[in-house]
Amino acid sequence: MAKSMNESRKVSRFSWEDIKSFCETLTEAEDALTREMVSRISDKWSLWTMSVIAEHGQPMRFSRVMDQVEGISQKSLTKTLRGLERDGLVTREVFAEVPPRVEYTITALGSEMLDNVAPLWLWVAKGVQRFQNCRAAFDHRGPGPGKKN
């Protein structure tokens with residue numbers, strides 16, 4: 001039998017009301033940047049790219065990052081790294097060599113972001129079977145009223 005909404009709701013360690021109150025003190029520009037950064041965290045490649053660079057523990061060449069982030073195109077990796085650099089999450093160092101060598105390093109801010117996101121990432125990974133079960137149950141029940149298959 002399914003749990004009621006109240007029974008399944010876990011007590012949070014933070015208050016959405018407090019978060020909303022704090023966010024209401026932000027300027028329009030600060031609020032926009034906050035939303036952009038949340039989008040950055042949730043985009044397809046940023047966290048994975050950052051985690052690869054952080055895990056390496058030393059500067060990484062572009063091609064090495066690309067090898068480690070499976071499925072990413074050169075264009076997407078370039079765009080991702082530029083955004084991460086702009087936001088202060090990675091640094092880019094260009095060496096005047098032939099051919100030019102470029103290396104990326106996680107910043108303290110980037111490491112701090114990963115430290116805060118890691119528990120969420122782990123929670124999702126540990127709960128993957130639950131997500132699969134929910135998807136299977138949803139798919140099994142078919143289209144809702146008024147919907148065609």
Side-chain angles (χ1 to χ4, degrees), residues 2-3 5 7-16 18-20 22-23 26-144 147-149:
K3 291 181 181 180
M5 183 75 135
E7 289 175 322
S8 64
R9 190 175 291 159
K10 187 176 178 182
V11 176
S12 180
R13 289 180 282 165
F14 58 88
S15 160
W16 282 108
D18 291 343
I19 293 170
K20 183 179 177 190
F22 177 79
C23 289
L26 299 175
T27 66
E28 200 171 305
E30 290 168 334
D31 184 59
L33 182 53
T34 299
R35 291 171 190 273
E36 283 180 43
M37 293 310 298
V38 170
S39 293
R40 163 91 53 229
I41 292 167
S42 61
D43 78 14
K44 185 171 183 175
W45 301 113
S46 292
L47 286 178
W48 193 356
T49 301
M50 289 171 59
S51 68
V52 162
I53 295 169
E55 184 179 26
H56 193 67
Q58 56 188 344
M60 285 185 82
R61 293 183 76 157
F62 181 91
S63 58
R64 182 102 164 100
V65 176
M66 191 158 162
D67 290 343
Q68 298 293 312
V69 183
E70 286 182 41
I72 195 168
S73 68
Q74 183 173 344
K75 181 179 178 180
S76 291
L77 181 58
T78 298
K79 181 180 177 189
T80 298
L81 287 167
R82 281 186 185 146
L84 294 172
E85 182 184 12
R86 181 174 186 238
D87 292 333
L89 302 169
V90 299
T91 57
R92 176 179 184 262
E93 186 173 1
V94 180
F95 296 88
E97 301 174 353
V98 178
R101 177 170 50 112
V102 179
E103 292 182 340
Y104 296 89
T105 307
I106 196 81
T107 64
L109 186 60
S111 291
E112 186 178 341
M113 178 183 281
L114 287 174
D115 287 347
N116 281 286
V117 172
L120 175 61
W121 197 325
L122 185 59
W123 175 82
V124 171
K126 285 181 175 181
V128 75
Q129 185 62 54
R130 294 183 341 199
F131 295 117
Q132 288 172 333
N133 294 344
C134 290
R135 285 182 170 194
F138 180 89
D139 294 345
H140 181 70
R141 76 175 191 229
K147 306 278 184 188
K148 292 184 180 179
N149 218 358

For residues Met60 and Asp67, determine if any side-chain heavy atom of one lies less than 4.5 Å from a side-chain heavy atom of the other.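 Met60 does not reach Asp67 side chain to side chain.
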Check the pair Glu55 / Leu114 against side chain to side chain contact (heavy atoms under 4.5 Å, CB included), numbers first and verdict last. CA-CA 11 Å; Glu55 184 179 26; Leu114 287 174; over 6 Å; no
First locate atom [atom1] of [X], then atom [atom2] of [Y], and finally report the distance between them rounded to the nearest 0.5 Å.
| X | Y | atom1 | atom2 | answer |
| --- | --- | --- | --- | --- |
| Thr49 | Gln68 | OG1 | CD | 11.0 Å |
| Ser63 | Arg101 | OG | CZ | 11.0 Å |
| Thr34 | Glu36 | OG1 | CD | 9.5 Å |
| Trp16 | Cys23 | CH2 | SG | 9.0 Å |
| Leu77 | Tyr104 | CG | OH | 7.0 Å |
| Thr78 | Gln74 | OG1 | CD | 5.5 Å |

When you look at Glu85 and Leu81, which way does the side chain to side chain contact (heavy atoms under 4.5 Å, CB included) test go after all the steps? CA-CA 6 Å; Glu85 182 184 12; Leu81 287 167; over 6 Å; no
With sequence neighbours excluded, residues passing side-chain hydrogen bond (donor to acceptor under 3.5 Å, both in side chains) with Ser46: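 Only Asp43 meet the side-chain hydrogen bond (donor to acceptor under 3.5 Å, both in side chains) criterion with Ser46.
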Return the minimal non-hydrogen interatomic distance between [X] and [Y], and the atom names on each side.
| X | Y | result |
| --- | --- | --- |
| Leu47 | Ile41 | CD1-O, 3.1 Å |
| Val94 | Arg92 | CG2-NH1, 3.4 Å |
| Arg40 | Asp87 | NE-OD2, 2.8 Å |
| Asn116 | Pro119 | O-CD, 3.5 Å |
| Gly88 | Thr107 | O-OG1, 2.6 Å |
| Ser76 | Ile72 | CB-CG1, 3.6 Å |

From CA spacing to verdict: side chain to side chain contact (heavy atoms under 4.5 Å, CB included), Ile106, His56: CA-CA 10 Å; Ile106 196 81; His56 193 67; over 6 Å; no
Check the angle between the aromatic planes of Trp123 and Phe131 and answer parallel, tilted or perpendicular using the 30° and 60° thresholds.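 Plane angle over 60°, so perpendicular.
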Does [atom1] belonging to [X] count more than 12 external heavy atoms closer than 6.0 Å?
| X | atom1 | answer |
| --- | --- | --- |
| Arg35 | CZ | no |
| Glu97 | CD | yes |
| Gln132 | CD | yes |
| Phe95 | CZ | yes |

Dump the intermediate steps for side chain to side chain contact (heavy atoms under 4.5 Å, CB included) on Glu70 and Trp48, then the final yes or no. CA-CA 10 Å; Glu70 286 182 41; Trp48 193 356; 4.0 Å; yes
